[in-house]
Amino acid sequence: MKRKILVAFCLVLLAVWPMPMSHPQAAPYFYDVGTTHRAKNEIYYLAEGEIVLGSVSGHFYPAKYVTRAEAAAIIGRTLNFDGGQRDTRFKDVGKGNFASGYIQEAAERNIINGYQDGTFRPDQFVTRGEMALLINRAYSLGGTTLSTAVQQLKIKGIAEGKADGTFGEDEPIIRADFAVFVARAINPQYRVNGQLTSTGQAVVNASALNVRRGPSTGYSAIGLLYKGQSVDVVHIVGNWAYVRASDLEGFVSRSYLVDAGVSQPDEGDALSNYVKTQTLIIDPGHGGSDPGAAANGLVEKNINLNVALKVKSLFENTGFNIALTRETDVFVPLSGRVSFAKEKGGNVFVSIHTNAGGGTGTETYYYSAAGTNPYVEQSKKLAQCIQKRLVEAWNAVDRGAKRGNLHVLRENNMPAVLVELGFIDRAEDAEKLGSSYWQEQAAKAIYLGILDYYASETGLDFQPLYDRVQ
Ligand SMILES: [Zn+2]
């Protein structure tokens with residue numbers, strides 16, 4: 001915190017920052033889909049929602065042809081079909097086929113047909129023409145014949161023709177191209193000059209509704225909509241709608257939308273009205289000419305800022321107001337941090353630091369002397385809530401929620417805490433401090449700790465906000 005163990009090669013290290021460490025629980029990575037692969041965005045987008053899967057060895061095999069069974073499974077997953085293996089109507093697809101559940105349901109919904117001899121031919125390759133029809137039927141794009149299906153894909157920016165002017169409808173399609181077409185079909189953001197006109201308006205009919213990156217709860221939440229809020233419905237994927245609100249677009253469950261005009265928009269519910277009144281101040285310690293502690297190839301000011309920015313992105317679009325005392329590598333004096341918090345009308349102040357001095361574990365400080373910051377009980381509660389979540393998230397040694405006479409706590413006039421994530425000069429702690437995966441876990445813990453604090457203070461149901469990070 002206060003110690004400045006500034007090693008001589010500090011500036012050299014700054015030049016190569018950040019250096020996230022890989023982690024087995026991080027987002028999927030395929031060895032054969034690297035940063036320069038033309039379809040990497042679409043493939044990883046589908047992988048995030050477990051719509052496409054890699055092999056046990058970590059390969060995606062982007063150049064392999066797609067079989068009919070694989071196509072049924074991929075499309076079925078985008079529509080949240082129950083993929084449980086079962087008997088099918090086709091004599092060559094038994095319960096043992098990995099895609100039997102998807103094949104049967106896709107057939108029941110007339111998305112994919114079998115052959116007149118009663119077979120499905122699950123291992124046969126899908127042609128580009130079949131893909132066009134499949135996508136049109138799965139997402140109700142309107143094309144019913146090969147030519148109209150291809151035309152719809154072109155109009156909607158989902159597929160382009162080949163360089164020679166044809167569509168190549170008899171050619172088999174490879175996994176990379178199939179992923180691109182499916183990603184574009186489900187998420188208009190991936191389309192090429194696609195038309196993104198609204199198909200109608202709807203109103204949110206849940207107290208709060210998560211907006212997600214993709215059409216399943218497997219996708220991360222990017223924001224919240226509140227009861228009574230109206231949205232433009234752009235596109236439907238199964239039971240999910242791609243909607244656009246004032247400054248937010250993404251997928252919401254259709255179960256919580258009603259047609260505009262049918263429902264009476266609420267006066268607004270308690271949670272939504274409450275969070276709008278709350279301003280969170282996040283204070284990444286040190287910065288600029290003040291690096292904080294440094295050891296193990298890490299510099300405190302960078303860790304603090306990375307975690308603070310991640311906390312900010314978790315709170316974005318939740319309705320809470322959030323402000324950071326710094327968002328870049330600049331020096332801000334302690335008094336400037338406090339005056340910033342007061343000017344913003346902060347309701348909660350969380351300072352993020354990294355410890356040094358040879359210990360290990362996580363601790364969180366609050367100020368408890370009488371006289372200056374009057375929010376003693378609230379600060380203590382906030383410290384306990386955040387400390388508990390951080391210790392759980394990192395499985396860290398619990399050094400406790402403690403009293404501390406620190407400027408940014410003492411001179412403030414709102415519930416205020418200072419977290420010390422871990423010890424930069426302790427190898428086990430430093431491994432987490434320097435890892436973008438563990439920084440994200442710390443940010444989630446701070447997010448959850450703040451929610452725990454608010455839930456206990458207000459008695460409101462913050463479940464929709466908890467759901468964002470589950
Ligand atoms: Zn510090």
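In listed order, ligands and their atoms are each counted from 1.
Atom NE2 is the N/O/S atom of His286 found closest to the Zn ion (ligand 1). Per residue His353, closest N, O or S atom to the Zn ion (ligand 1): atom name ND1.
Using a cut-off of 4.0 Å between Lys/Arg side-chain N and Asp/Glu carboxylate O, Arg399 and Glu420 are scored as not salt-bridged. Under the 4.0 Å criterion applied to side-chain N and carboxylate O atoms, Glu392 and Lys388 are assigned as salt-bridge partners.
Outside the 6.0 Å centre-distance limit, the rings of Tyr375 and Tyr366 are not counted as a close aromatic pair.
The side chain to side chain donor-acceptor pair (under 3.5 Å) contacts involving residues 332-345 comprise Asp283-Arg337, where partners must be two or more places apart or lie in separate chains.
Put simply, Glu300 gets within reach of the Zn ion (ligand 1), with an N, O or S atom under 2.8 Å from it.
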